[in-house]
Amino acid sequence: MATRLRLGFNIDHVATLRNARGGGVPDPLRAAELAVAAGADGITAHLREDRRHIHDEDMTRLKAKLRVPLNFEMAATEQMLDVALAVKPYAACLVPERRTERTTEGGLDVIGGHDHLKPFVAELGRAGIVVALFIEPQAEALEAARSIGALAIELHTGAWCNAVLDGEKTRATDEFARLRAAAALTTKLGIECHAGHGLDYQTARQISSLPEVVELNIGHFLIAEAIFVGIEAAIRKMRATMDAGRK
Ligand code: PXP
């Protein structure tokens, strides 16, 4: 079986709650530290153009204080590139961004956006940042990501998770088959395979069975669980769930 699966905890919605009142609580850094103590392998944060949750100072504080890899989710814009080059996170995941969306809906257009994305990947890479592209589980998208020069891709699991939640078994089976095929292709292409979006205990367990997947990024569900059981318990349970799915 492949290497241990890493858990990246996305803390965006701790900042969403903080921003609902202004001020400093709950503090995303405190959430990150608790999660790391409970077994998270990395912290993920998305600095959106509209700064609706994570703020620039959050990225700076996270980078300064965390002792685990920071994964900076960002749109491929000049402004975000400047912030990323100043913060110097361990990794960056390029995502599509639309102001009106509630969350990241769909993967990057890596085929149409090839020429736009390539210099961003190169410049981040030159700064020593490991770059992933957030893409749909499609062979053409994977091949384009490879030709853009990305070292990693993150498979968008949203469509599959929605099908599971909707109880649509055939659609869920088909979507999981797409994820499985895409994950298998990463080995052939020599790129690292991550996955995320909409994962909960059930779907995280199932996707952990794919040996090519080496990192899951999970936010909303874990923060929702943390309201009831606390961050540490939610992370520990997710960690155990992923380990069980991996076996
Ligand atoms: N991965 C990427 C690239 C994302 O954009 C998001 C959402 O910010 C996630 C993972 C986490 O998704 P969720 O909050 O649904 O777990």
Side-chain angles (χ1 to χ4, degrees), residues 5-17 19 28 31-32 35 40-54 58-59 62 69-76 80 84 89-99 101-110 117 120-121 124 130-137 141 145 150 152-165 175 179 182-183 192-208 213-227 231 234-235 237-239 241-242:
L5 183 56
R6 302 189 296 267
L7 170 58
F9 178 43
N10 181 317
I11 54 168
D12 292 350
H13 297 308
V14 179
T16 303
L17 191 54
N19 300 351
D41 301 286
I43 296 298
T44 295
H46 184 178
L47 184 68
R48 294 185 73 102
E49 187 198 9
D50 61 9
R51 309 301 198 268
R52 70 172 73 155
H53 36 58
I54 294 294
D58 293 321
M59 298 308 290
L62 289 164
L70 174 63
N71 176 28
F72 188 152
E73 279 183 21
M74 56 180 271
M80 279 306 144
Y90 172 80
C93 182
L94 298 183
V95 300
E97 209 176 286
R98 283 195 301 276
R99 267 182 180 267
E101 68 189 358
R102 262 190 291 181
T103 179
T104 317
E105 289 159 8
L108 280 169
D109 175 10
V110 265
L117 293 167
F120 285 91
V121 173
L124 290 163
V130 176
V131 187
L133 301 181
F134 189 45
I135 61 171
E136 294 296 324
I153 52 93
E154 179 165 330
L155 295 175
H156 196 314
T157 50
W160 170 55
C161 292
N162 285 339
V164 172
L165 283 178
E175 290 293 346
L179 288 163
E192 199 170 281
C193 185
H194 307 167
H197 210 284
L199 294 169
D200 59 13
Y201 293 133
Q202 183 190 350
T203 44
R205 184 180 173 121
Q206 190 176 343
I207 200 149
S208 297
V213 179
V214 296
E215 179 176 306
L216 298 182
N217 285 302
I218 311 178
H220 184 264
F221 175 79
L222 283 172
I223 290 167
E225 273 296 283
I227 290 172
I231 287 178
I235 294 284
K237 184 165 173 184
M238 184 56 80
R239 181 74 261 167
T241 302
M242 288 162 54

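We count ligands from 1, going down the list as the structure has it; atoms in each ligand are counted the same way. All heavy atoms count here, side chains included; hydrogens, waters and symmetry mates do not.
For atom 14 (O) of ligand 1, the closest non-hydrogen atom on the protein side is H220 N, 2.9 Å. Shortest contact from atom 7 (C) of ligand 1 to any protein heavy atom: H197 CD2, 3.7 Å. Nearest protein heavy-atom neighbour of atom 1 (N) of ligand 1: E154 OE2, 2.5 Å.
For T16, the side chain to side chain donor-acceptor pair (under 3.5 Å) partners are H13, not counting sequence neighbours. Taking A45 as the reference, I11, D12, I54, M59, L62 meet the side-chain contact (heavy atoms from CB on, under 4.5 Å) condition, with sequence neighbours excluded.
Between N217 and ligand 1, a contact under 3.5 Å exists for no N or O pair.
Taking the six-membered ring for Trp and thresholds of 30 and 60 degrees, Y201 and F221 have ring planes more than 60 degrees apart, a perpendicular arrangement.
Numbered from 1 in the order shown, with element, the atoms of ligand 1 that lie under 4.0 Å from a heavy atom of G198 read 12 (O), 13 (P), 15 (O), 16 (O). Here is the list of ligand 1 atoms found below 4.0 Å of a heavy atom in V95: 3 (C). Set against the non-hydrogen atoms of I218, the atoms of ligand 1 under 4.0 Å away are 16 (O). Close approach of ligand 1 to G219 (heavy-atom distance below 4.0 Å) involves ligand atoms 13 (P), 14 (O), 16 (O).
Only the side chain of E73 comes within contact range of ligand 1, with a heavy atom under 4.0 Å; no backbone atom does. If you look at D12 next to ligand 1, the close heavy atoms, those under 4.0 Å, all belong to the side chain.
The distance from the CE atom of M242 to the CD1 atom of I207 is 10.5 Å, given to the nearest 0.5 Å. Here the straight-line distance linking atom CD of E215 with atom CZ of R6 works out to 4.5 Å at 0.5 Å rounding. Atoms CD and NE2, from E97 and H46 in turn, are 4.0 Å apart once rounded to the nearest 0.5 Å.
Ligand 1 has F134 within reach: a non-hydrogen atom of the residue lies less than 4.0 Å from it.
Two residues are said to be in side-chain contact when any heavy atoms from C-beta on lie closer than 4.5 Å; C193 and L155 meet this criterion.
Using modelled atom types, one finds a donor on one side chain and an acceptor on the other under 3.5 Å when comparing T44 with N71.
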